[in-house]
Amino acid sequence: MGVSFALQNSSALVLNADFRPLSYFPLSLWPWQNAIKAVFLGRVNVVAQYERVVHSPSQSINLPSVISLKEYIPLGRKPAFTRFNVFLRDRFTCQYCGHGYVTEDLTFDHVVPRSRGGRTTWENVVTACAPCNLSKGHRMPGESGVFPLRHPIEPSNFQLHEQGRSFPPNFLHESWRDFLYWDSELENG
Ligand SMILES: [Zn+2]
């Protein structure tokens, strides 16, 4: 396909068959090439389009801005235990001082230190800023008197999904807005 214009920010928002985004954080976006391919393969429905058109020798097609999968993808019940998901569960907030940070400035802390037999699990790992992590050191919560603000638990995918809604990406095309954060809008209204 011949493309004669800039195509930055021409990603398609990908919705599940129930018209909810596959994920909020990061927002489920496909590059326009993948979106077009999926349209031609009949795997998705085009819900909204950009004005931009790409041309092939035989036809022109508007770039899709919102697509929905024809087949529903069930979300797994258990989220992956990753650093990032721990930060997301804790809303990028140090669980000791309560301040929010960017990901690069966050560490994770074992509530029961590993040197005391603490394990690396959802229930024993919390988000912490470097100063809090350092001052807590290898002491047990009972010794330091410092306890996490929220009792750490394993979140469900749904809960992480909900947390992610609070952190929208910098760029939101207007055609996406109908499919994002709609129930919070309704609550406010
Ligand atoms: Zn802190």
Side-chain angles (χ1 to χ4, degrees), residues 8-9 11-16 18-31 66 73-189:
Q8 295 95 329
N9 288 344
S11 304
L13 173 66
V14 187
L15 308 175
N16 210 337
D18 65 355
F19 288 86
R20 285 166 170 262
L22 278 185
S23 93
Y24 283 95
F25 196 73
L27 194 57
S28 46
L29 300 175
W30 285 356
V66 182
I73 295 183
L75 298 172
R77 263 180 48 252
K78 289 194 174 241
F81 178 58
T82 61
R83 262 170 79 88
F84 187 82
N85 279 345
V86 170
F87 295 160
L88 185 56
R89 177 196 65 185
D90 297 339
R91 302 179 62 84
F92 303 91
T93 300
C94 172
Q95 291 301 292
Y96 296 114
C97 69
H99 288 122
Y101 292 88
V102 294
T103 310
E104 296 78 55
D105 293 337
L106 288 170
T107 64
F108 67 87
D109 177 66
H110 288 78
V111 179
V112 174
R114 273 189 294 188
S115 57
R116 304 289 192 90
R119 294 170 55 214
T120 306
T121 60
W122 282 111
E123 292 79 12
N124 193 48
V125 167
V126 297
T127 303
C129 69
C132 285
N133 206 335
L134 201 63
S135 74
K136 180 175 168 290
H138 294 287
R139 291 175 296 173
M140 299 286 279
E143 298 164 0
S144 61
V146 178
F147 294 87
L149 297 173
R150 293 175 58 180
H151 184 69
I153 55 164
E154 177 179 346
S156 65
N157 258 323
F158 178 77
Q159 285 167 324
L160 286 188
H161 215 69
E162 292 295 299
Q163 300 284 49
R165 293 152 55 91
S166 309
F167 303 94
N170 296 328
F171 172 78
L172 290 176
H173 188 257
E174 59 183 43
S175 68
W176 301 352
R177 294 180 188 273
D178 286 344
F179 304 95
L180 302 171
Y181 324 115
W182 56 275
D183 42 356
S184 48
E185 290 285 316
L186 287 180
E187 277 164 26
N188 294 335

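Worth knowing before you read on, the calculation uses all heavy atoms, side chains too, and leaves out hydrogens, waters and symmetry mates. When a ligand or atom number is given, it counts from 1 through the structure's own listing order. Start at 1 with the first residue, then count along the sequence.
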How wide is the angle at the Zn ion (ligand 1) between SG in Cys129 and SG in Cys132, to the nearest 10°? 100°

With a 4.0 Å cut-off on N to O distance, would you call Arg150 and Asp90 a salt bridge? no

N/O/S atom of His99 under 2.8 Å from the Zn ion (ligand 1), yes or no? no

Can you tell whether the side chains of Glu154 and Arg89 come within less than 4.0 Å, N to carboxylate O? no

Give, rounded to 10 degrees, the angle between SG (Cys94) and SG (Cys97) as seen from the Zn ion (ligand 1). 100°

Is a salt bridge present between Arg165 and Glu162, judged by a nitrogen-to-oxygen distance below 4.0 Å? yes

Is any side-chain N of the basic residue among Arg116 and Glu143 closer than 4.0 Å to the acidic one's carboxylate O? yes

